[in-house]
Amino acid sequence: MKLTNTSLAAVFFLAALSFAHFSCTSKQPIPADLSKVNFIPKPVSVTATGSSFELTAQTGIYVQGETEEVKKVGQYLAEKLKPAIGAAPEVKTAAEAPKSGIYLTLAANDPELGDEGYNLTVTEDLVTLAANQPAGLFRGVQTIRQMLPAELESGEKLDSAWILASGTIRDFPSYGFRGSMLDVSRHFFSVEDVKRYIDLLASYKLNVLHLHLSDDQGWRIEIKSWPELTKIGGSTEVGGGEGGFYTQEQYADIVKYAQDRFITIIPEIDMPGHTNAALASYAELNCDGKARELYTGTEVGFSTLCTDKEITYKFIDDVVKELAALTPGPYIHVGGDESHATKKDDYIFFINKVQDIVRSHGKTMLGWDETAQANLDANSVVQLWASPDFARMAVSKGAKIVMSPATKVYLDMQYDSTTRLGLHWAAYIEVDSGYIWDPATLIPGISKENILGIEAPLWSETITNMDDIEYMVFPRLPGIAEIAWSPKDGRNWEEYKVRLGKHGQRMDKMEIGYYRSPLVPWGEELR
Ligand code: ACM
């Protein structure tokens, strides 16, 4: 093609323009194009305006008003920006938007954003994050993290400037309940591991951590009125290791750590089945009055509390009372799954009584899908894992559903037959399969208005340490976070897998030991 003067001028103009969009010479240029940032979960809307805001040692963080919670979000952002700026920027209060800097305000005045949505506006001078509630600011801060180069997460130096592409983001979640479950009973995990897990959930805008605190193999939460539960029931785990438990102080510390990240802890005491650890700790909880042996295998369905003994309900009342007092969130999870050693009538009688106990301590009952057979309160919540029929039964009783279909979100399911950890009784769940489904259409008769949210459980029969956790959870959990947060119409595996591939570098910098699925084009985060 022969270049005319006009087209030559156009080429020079475009070259100059694109040069201007790269912050300076860098191994890894970051263009100031907000539309090319690899967000997970994908925001509701992103509009690029083609320039950028540069973070420097002089950048200040300004929070509007005196709310302690807003200041704390400002401090959290300051800590996250420390690697970029060299020191955590000072957080100052401001009555109105400053001329330059980062401004956090609760004056979004935008009901559609709800409690967790936010509007983010980036100009060359000012980054404005506006929400209705502190939780919305916190979710928006996660978005800001993902706008900066992945090195932010490792604290490495960058050859180029730290810039945020300019434009606006408007964002709010599809579902108000977005969670994961950690089974700390089959294998016990330390407070430090749980805190890391909470941080990882927070990065993807999740807001629930369900802790499976008791099962046949271990009782993991101190109950002061029944001390043998942890002394005996907490003394081992699958495979015969030493187990462990959280003291009430440690549990309170976990709850607080989660609360600071706007994550609700849901404690689960699984009953009437999955109770061998309790039955080994106290002989009187058994119908025959004989304590069971501790159990370190992985079978299910053999244990049951004695549903017609008074002491059983005194025990549950004491446990729920202590747990409720330590748990600010609205739910107590009572398990209720796989109670194969409990007669059906006894099971229904039992769950009805347990629901009363939970209510009497000011909490709402959450249970696995089998609990739908009880006389559910209208505000009780049922967690679908296996049975569409039970989920529909729950909906017919006015209950809401948490969607945890084992074939899609069970994070302990192997990716394929070669995965070194995990099980496959529900399915092999490759990264595409875990992403390509929609909660509102998966189960006939269950639609979006029946669904409270989505939760991805990690059972730990084969999971023994944080490396194992990360390998099974990542990269499937970010996809589930996107299903729970982002609008359905914008979700598409072919597009997502490219975004996830580029996101791999960020997970590397976060030191997440993820499964490098062959279905994902892993690459550099060149946007
Ligand atoms: C379950 O997987 N037994 C809830």
Side-chain angles (χ1 to χ4, degrees), residues 181-185 208-216 218-234 245-252 254-255 258-259 264-279 281-282 284-286 303-337 339 342 346-368 370-383 399 402:
M181 186 206 82
L182 200 54
D183 171 6
V184 296
S185 179
V208 168
L209 174 61
H210 164 185
L211 289 173
H212 184 75
L213 290 169
S214 71
D215 211 302
D216 291 320
W219 186 283
R220 308 297 181 207
I221 177 73
E222 177 190 20
I223 301 295
K224 292 191 194 278
S225 54
W226 293 74
E228 304 297 311
L229 289 170
T230 43
K231 197 161 160 216
I232 297 172
F245 65 92
Y246 308 119
T247 63
Q248 293 202 353
E249 291 69 27
Q250 287 173 323
Y251 177 80
I254 290 171
V255 165
Q259 217 170 16
T264 300
I265 296 290
I266 299 181
E268 178 185 352
I269 300 297
D270 203 348
M271 52 193 161
H274 289 279
T275 42
N276 191 76
L279 298 169
S281 305
Y282 286 97
E284 59 267 45
L285 297 177
N286 295 275
S303 56
T304 183
L305 291 171
C306 193
T307 58
D308 52 13
K309 271 187 162 178
E310 272 301 307
I311 187 76
T312 297
Y313 301 100
K314 165 88 174 99
F315 163 71
I316 295 167
D317 189 64
D318 288 342
V319 169
V320 172
K321 179 166 62 187
E322 291 192 34
L323 255 189
L326 292 165
T327 305
Y331 300 109
I332 299 286
H333 200 305
V334 304
D337 57 320
S339 289
T342 322
D346 295 346
Y347 175 85
I348 292 170
F349 172 81
F350 175 90
I351 298 293
N352 287 341
K353 287 196 64 123
V354 169
Q355 181 174 247
D356 291 345
I357 292 171
V358 170
R359 194 194 314 110
S360 77
H361 293 293
K363 298 295 180 188
T364 298
M365 181 175 82
L366 178 51
W368 296 108
E370 293 94 324
T371 59
Q373 299 167 92
N375 300 327
L376 294 180
D377 289 346
N379 70 343
S380 288
V381 178
V382 165
Q383 184 166 9
V402 170

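Counting from 1, the numbers follow the sequence of the chain as shown.
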[atom1]/[X] to [atom2]/[Y] distance, rounded to the nearest 0.5 angstrom?
X: Lys309; Y: Glu284; atom1: NZ; atom2: CD; answer: 7.5 Å
X: Leu285; Y: Cys306; atom1: CG; atom2: SG; answer: 9.0 Å
X: Asn375; Y: Gln355; atom1: CG; atom2: CD; answer: 8.0 Å
X: Asp215; Y: His274; atom1: CG; atom2: NE2; answer: 5.5 Å
X: Leu211; Y: Leu182; atom1: CG; atom2: CG; answer: 6.5 Å
X: Ile332; Y: Glu268; atom1: CD1; atom2: CD; answer: 11.0 Å

Any chance you could lay out the side-chain contact (heavy atoms from CB on, under 4.5 Å) test for Val402 and Val208, step after step, and finish with the verdict?
-> CA-CA 11 Å; Val402 170; Val208 168; over 6 Å; no

Neighbour count >12 (heavy atoms, 6.0 Å) for atom CD, Glu310 | no

Heavy atoms, side chains only, cut-off 4.5 Å: are [X] and [Y] in contact?
X: Met181; Y: Gln383; answer: no
X: Phe350; Y: Thr312; answer: yes
X: Thr230; Y: Ile223; answer: no
X: Tyr282; Y: Ile311; answer: no
X: Ile269; Y: Trp219; answer: yes
X: Met365; Y: Ile351; answer: yes
X: Thr304; Y: Asp346; answer: no
X: Tyr246; Y: Ile254; answer: yes

Using 30° and 60° as the class limits, which term best fits the ring planes of Phe315 and Trp226: parallel, tilted or perpendicular?
-> perpendicular

Classify the ring geometry between His333 and Trp368 as parallel (under 30°), tilted (30 to 60°) or perpendicular (over 60°).
-> tilted

Listed partners of Leu326 passing side chain to side chain contact (heavy atoms under 4.5 Å, CB included), at least two apart | Gln248, Tyr251

Sequence neighbours left out, what passes side chain to side chain contact (heavy atoms under 4.5 Å, CB included) with Ser303? Give chain and number order.
-> Asp216, Thr275, Asn276, Leu279

Between [X] and [Y], is there a donor-acceptor pair closer than 3.5 Å when you use the side chain of the first and the backbone of the second?
X: Tyr313; Y: Thr307; result: yes
X: Ser185; Y: His212; result: no
X: Lys363; Y: Thr327; result: yes

Partners of Asp270 by salt bridge (Lys or Arg N to Asp or Glu O under 4.0 Å), sequence neighbours excluded?
-> none

ring-ring contact (aromatic ring centres under 6.0 Å, His included) with Tyr347: which residues, sequence neighbours excluded?
-> none

Heavy-atom pair of closest approach, residues [X] and [Y]:
X: Ser281; Y: Gly233; answer: OG-N, 3.1 Å
X: Ser380; Y: Ala399; answer: O-CB, 3.2 Å
X: Thr264; Y: Pro330; answer: CG2-CD, 4.2 Å

Have Glu370 and Ser339 got a donor and an acceptor in their side chains that come within less than 3.5 Å?
-> no

Any pair with a residue in residues 349-360 that passes salt bridge (Lys or Arg N to Asp or Glu O under 4.0 Å), sequence neighbours left out, goes on the list, sorted by first then second residue, please.
-> Asp356-Arg359, Arg359-Asp377

Qualifying salt bridge (Lys or Arg N to Asp or Glu O under 4.0 Å) pairs, either residue in residues 311-329, two or more places apart = Lys314-Asp318

Start with the C-alpha distance between Thr364 and Val358, add both sets of side-chain angles, then the distance that settles side-chain contact (heavy atoms from CB on, under 4.5 Å), and finish with yes or no.
-> CA-CA 6 Å; Thr364 298; Val358 170; 5.7 Å; no

